[in-house]
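Below: the structure, in C-alpha coordinates.
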Amino acid sequence: MELLKVNGKMDTKSLAKHVLVPIIGGSVTGWLANRHAQEKYKKLKKPSFSPPSAIFPIAWTTLYGLMGLAKYRVSKQQEGKRKKEISIYELQLGLNFLWSFLFFRWELRGTALVEMTVLLGAIALTAYDFFQVDRTAGTLMIPYIGWVIFALSLNYATWKLNE
(Lines give C-alpha, C1' and ligand atoms only; values in the text may rest on other atoms or scores of the structure.)
Protein backbone atom coordinates (compact mmCIF):
# COMPACT_ATOMS: atom_id res chain seq x y z
CA MET A 1 0.00 0.00 0.00
CA GLU A 2 2.15 2.82 -1.32
CA LEU A 3 -0.56 5.33 -0.42
CA LEU A 4 0.15 4.70 3.27
CA LYS A 5 3.90 5.14 2.90
CA VAL A 6 5.69 8.46 3.06
CA ASN A 7 9.30 8.51 1.93
CA GLY A 8 9.10 4.73 1.66
CA LYS A 9 8.04 4.21 5.29
CA MET A 10 4.76 3.65 7.08
CA ASP A 11 4.29 4.68 10.70
CA THR A 12 1.27 2.59 11.71
CA LYS A 13 0.74 4.29 15.07
CA SER A 14 0.86 7.80 13.61
CA LEU A 15 -1.34 6.77 10.69
CA ALA A 16 -3.97 5.31 13.02
CA LYS A 17 -3.94 8.46 15.17
CA HIS A 18 -4.30 10.80 12.21
CA VAL A 19 -7.12 8.78 10.65
CA LEU A 20 -9.02 8.03 13.85
CA VAL A 21 -9.04 11.58 15.25
CA PRO A 22 -11.38 12.99 12.56
CA ILE A 23 -13.44 9.79 12.37
CA ILE A 24 -14.03 9.62 16.13
CA GLY A 25 -14.36 13.41 16.41
CA GLY A 26 -16.92 13.45 13.63
CA SER A 27 -18.84 10.55 15.17
CA VAL A 28 -18.96 12.16 18.62
CA THR A 29 -19.87 15.54 17.15
CA GLY A 30 -22.58 13.99 15.01
CA TRP A 31 -24.00 12.14 17.99
CA LEU A 32 -23.99 15.25 20.22
CA ALA A 33 -25.34 17.60 17.55
CA ASN A 34 -27.99 15.21 16.25
CA ARG A 35 -29.23 13.90 19.57
CA HIS A 36 -32.93 14.82 19.81
CA ALA A 37 -32.68 16.75 16.51
CA GLN A 38 -33.47 13.98 14.04
CA GLU A 39 -37.23 14.03 14.66
CA LYS A 40 -37.31 17.74 13.79
CA TYR A 41 -35.08 17.18 10.78
CA LYS A 42 -37.35 14.45 9.44
CA LYS A 43 -40.25 16.95 9.45
CA LEU A 44 -38.36 19.51 7.36
CA LYS A 45 -39.05 19.97 3.67
CA LYS A 46 -36.01 18.71 1.77
CA PRO A 47 -34.94 19.23 -1.83
CA SER A 48 -35.50 16.46 -4.35
CA PHE A 49 -31.76 15.80 -4.55
CA SER A 50 -31.47 15.06 -0.83
CA PRO A 51 -29.90 11.61 -0.40
CA PRO A 52 -31.25 8.99 2.03
CA SER A 53 -30.10 9.52 5.62
CA ALA A 54 -28.07 6.29 5.55
CA ILE A 55 -25.67 7.84 3.01
CA PHE A 56 -24.37 10.53 5.38
CA PRO A 57 -22.50 8.39 7.93
CA ILE A 58 -20.93 6.34 5.12
CA ALA A 59 -19.84 9.44 3.22
CA TRP A 60 -18.52 11.26 6.28
CA THR A 61 -16.61 8.27 7.63
CA THR A 62 -14.93 7.89 4.25
CA LEU A 63 -14.15 11.60 3.98
CA TYR A 64 -12.83 11.82 7.55
CA GLY A 65 -10.57 8.85 6.81
CA LEU A 66 -9.25 10.48 3.63
CA MET A 67 -8.57 13.80 5.34
CA GLY A 68 -6.84 12.01 8.22
CA LEU A 69 -4.67 10.14 5.73
CA ALA A 70 -3.86 13.44 4.00
CA LYS A 71 -2.86 15.02 7.31
CA TYR A 72 -0.71 11.99 8.12
CA ARG A 73 1.13 12.29 4.82
CA VAL A 74 1.80 16.02 5.32
CA SER A 75 2.84 15.57 8.95
CA LYS A 76 5.32 12.86 7.96
CA GLN A 77 6.75 15.06 5.20
CA GLN A 78 7.22 17.85 7.72
CA GLU A 79 8.19 15.82 10.77
CA GLY A 80 9.64 17.94 13.55
CA LYS A 81 8.20 21.18 12.12
CA ARG A 82 4.89 22.83 12.90
CA LYS A 83 3.62 24.28 9.65
CA LYS A 84 0.61 26.37 8.74
CA GLU A 85 -0.83 23.51 6.69
CA ILE A 86 -1.62 21.64 9.88
CA SER A 87 -3.14 24.71 11.54
CA ILE A 88 -5.39 25.33 8.53
CA TYR A 89 -6.33 21.66 8.56
CA GLU A 90 -7.29 21.89 12.23
CA LEU A 91 -9.30 25.07 11.55
CA GLN A 92 -11.33 23.40 8.79
CA LEU A 93 -11.89 20.33 10.95
CA GLY A 94 -13.20 22.53 13.77
CA LEU A 95 -15.48 24.38 11.33
CA ASN A 96 -16.67 21.02 10.04
CA PHE A 97 -17.63 19.90 13.53
CA LEU A 98 -19.28 23.28 14.32
CA TRP A 99 -21.56 23.06 11.28
CA SER A 100 -23.46 20.07 12.72
CA PHE A 101 -24.36 22.06 15.81
CA LEU A 102 -25.42 25.11 13.81
CA PHE A 103 -27.59 23.18 11.38
CA PHE A 104 -29.04 20.38 13.53
CA ARG A 105 -28.80 21.23 17.21
CA TRP A 106 -29.35 24.99 17.11
CA GLU A 107 -31.43 25.02 13.87
CA LEU A 108 -29.49 28.05 12.56
CA ARG A 109 -29.63 26.95 8.94
CA GLY A 110 -28.78 30.35 7.45
CA THR A 111 -25.83 30.75 9.80
CA ALA A 112 -24.79 27.18 8.98
CA LEU A 113 -24.82 28.12 5.29
CA VAL A 114 -22.48 31.08 5.87
CA GLU A 115 -20.25 28.96 8.10
CA MET A 116 -20.11 26.21 5.47
CA THR A 117 -19.02 28.75 2.87
CA VAL A 118 -16.10 29.69 5.13
CA LEU A 119 -15.48 25.97 5.71
CA LEU A 120 -15.30 25.36 1.95
CA GLY A 121 -12.67 28.11 1.64
CA ALA A 122 -10.67 26.60 4.50
CA ILE A 123 -10.85 23.14 2.91
CA ALA A 124 -9.72 24.50 -0.46
CA LEU A 125 -6.81 26.31 1.20
CA THR A 126 -5.91 23.15 3.13
CA ALA A 127 -5.99 21.08 -0.07
CA TYR A 128 -3.83 23.61 -1.88
CA ASP A 129 -1.30 23.82 0.95
CA PHE A 130 -1.24 20.04 1.36
CA PHE A 131 -0.66 19.68 -2.38
CA GLN A 132 2.39 21.94 -2.11
CA VAL A 133 3.90 19.58 0.48
CA ASP A 134 2.62 16.22 -0.82
CA ARG A 135 0.68 15.93 -4.07
CA THR A 136 -1.11 12.81 -2.89
CA ALA A 137 -2.25 14.52 0.31
CA GLY A 138 -3.69 17.44 -1.63
CA THR A 139 -5.44 15.09 -4.03
CA LEU A 140 -6.97 13.13 -1.13
CA MET A 141 -8.84 16.32 -0.13
CA ILE A 142 -10.67 16.66 -3.48
CA PRO A 143 -13.61 14.30 -2.65
CA TYR A 144 -14.15 16.32 0.55
CA ILE A 145 -14.36 19.54 -1.47
CA GLY A 146 -16.88 17.92 -3.82
CA TRP A 147 -19.03 16.64 -0.97
CA VAL A 148 -19.01 20.00 0.84
CA ILE A 149 -20.09 21.77 -2.38
CA PHE A 150 -22.98 19.30 -2.57
CA ALA A 151 -23.74 19.79 1.15
CA LEU A 152 -23.67 23.56 0.67
CA SER A 153 -26.37 23.33 -1.99
CA LEU A 154 -28.34 20.93 0.21
CA ASN A 155 -28.03 23.31 3.19
CA TYR A 156 -29.18 26.26 1.04
CA ALA A 157 -32.15 24.42 -0.45
CA THR A 158 -33.28 23.06 2.94
CA TRP A 159 -32.99 26.52 4.50
CA LYS A 160 -35.00 28.16 1.69
CA LEU A 161 -37.69 25.47 1.67
CA ASN A 162 -38.25 25.91 5.42
CA GLU A 163 -38.04 29.69 5.87
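By convention here, the first residue in the shown sequence is residue 1.
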Measuring only between side-chain heavy atoms, which start at C-beta, is [X] closer than 4.5 Å to [Y]?
X      : Y      : result
Leu63  : Trp60  : yes
Met116 : Leu95  : no
Leu69  : Leu4   : yes
Leu44  : Leu161 : no

For [X] and [Y], which heavy atoms make the closest approach, and how far apart are they?
X      : Y      : value
Asn155 : Leu113 : OD1-N, 3.4 Å
Thr29  : Ser100 : CG2-CB, 4.2 Å
Leu66  : Pro143 : CD1-CG, 4.1 Å
Ile145 : Ala124 : CD1-CA, 4.2 Å
Leu154 : Pro51  : CD2-CD, 4.1 Å
Pro22  : Leu93  : CB-CD1, 4.1 Å

If hydrophobic clusters are built by linking Ile, Leu, Val, Met, Phe, Trp and Tyr wherever their side-chain heavy atoms come under 4.5 Å apart, do [X] and [Y] end up in the same one?
X      : Y      : value
Val114 : Leu125 : no
Leu152 : Tyr41  : yes
Met67  : Val148 : yes
Trp159 : Leu102 : no
Leu140 : Leu120 : yes

How about [X]: does its [atom1] atom have over 12 heavy atoms from other parts shown lying under 6.0 Å from it?
X      : atom1 : result
Lys46  : NZ    : yes
Phe101 : CZ    : yes
Phe150 : CZ    : yes

*Glu163/Arg109 ion pair, N-O < 4.0 Å*: no

Counting N and O atoms only, with roles assigned by atom type, does the side chain of [X] sit under 3.5 Å from a partner on the main chain of [Y], one being a donor and the other an acceptor?
X      : Y      : value
Arg35  : Arg105 : no
Asp134 : Val74  : no
Arg73  : Lys5   : yes

*If we ignore angles and hydrogens, is there a donor and acceptor under 3.5 Å between the side chains of Asp129 and Tyr89?*
no

Quick one: pull up [atom1] in [X] and [atom2] in [Y] and give me the separation to the nearest 0.5 Å.
X      : Y      : atom1 : atom2 : answer
Lys40  : Asn162 : NZ    : CG    : 13.0 Å
Glu2   : Met10  : CD    : CE    : 10.0 Å
Lys76  : His18  : NZ    : NE2   : 7.5 Å
Phe97  : Tyr64  : CZ    : OH    : 5.0 Å
Phe130 : Ile142 : CZ    : CD1   : 13.0 Å

_Against the six-membered ring of Tyr72, is Lys17 placed for a cation-pi contact (under 6.0 Å from the centre, within 45° of the normal)?_
no

*Of Thr126, Ile123, Ile149, which is the lone residue that meets side-chain contact (heavy atoms from CB on, under 4.5 Å) with Tyr144?*
Ile123

*So Phe103 and Trp99, would you call those rings parallel, tilted or perpendicular, with 30° and 60° as cut-offs?*
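Parallel.
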
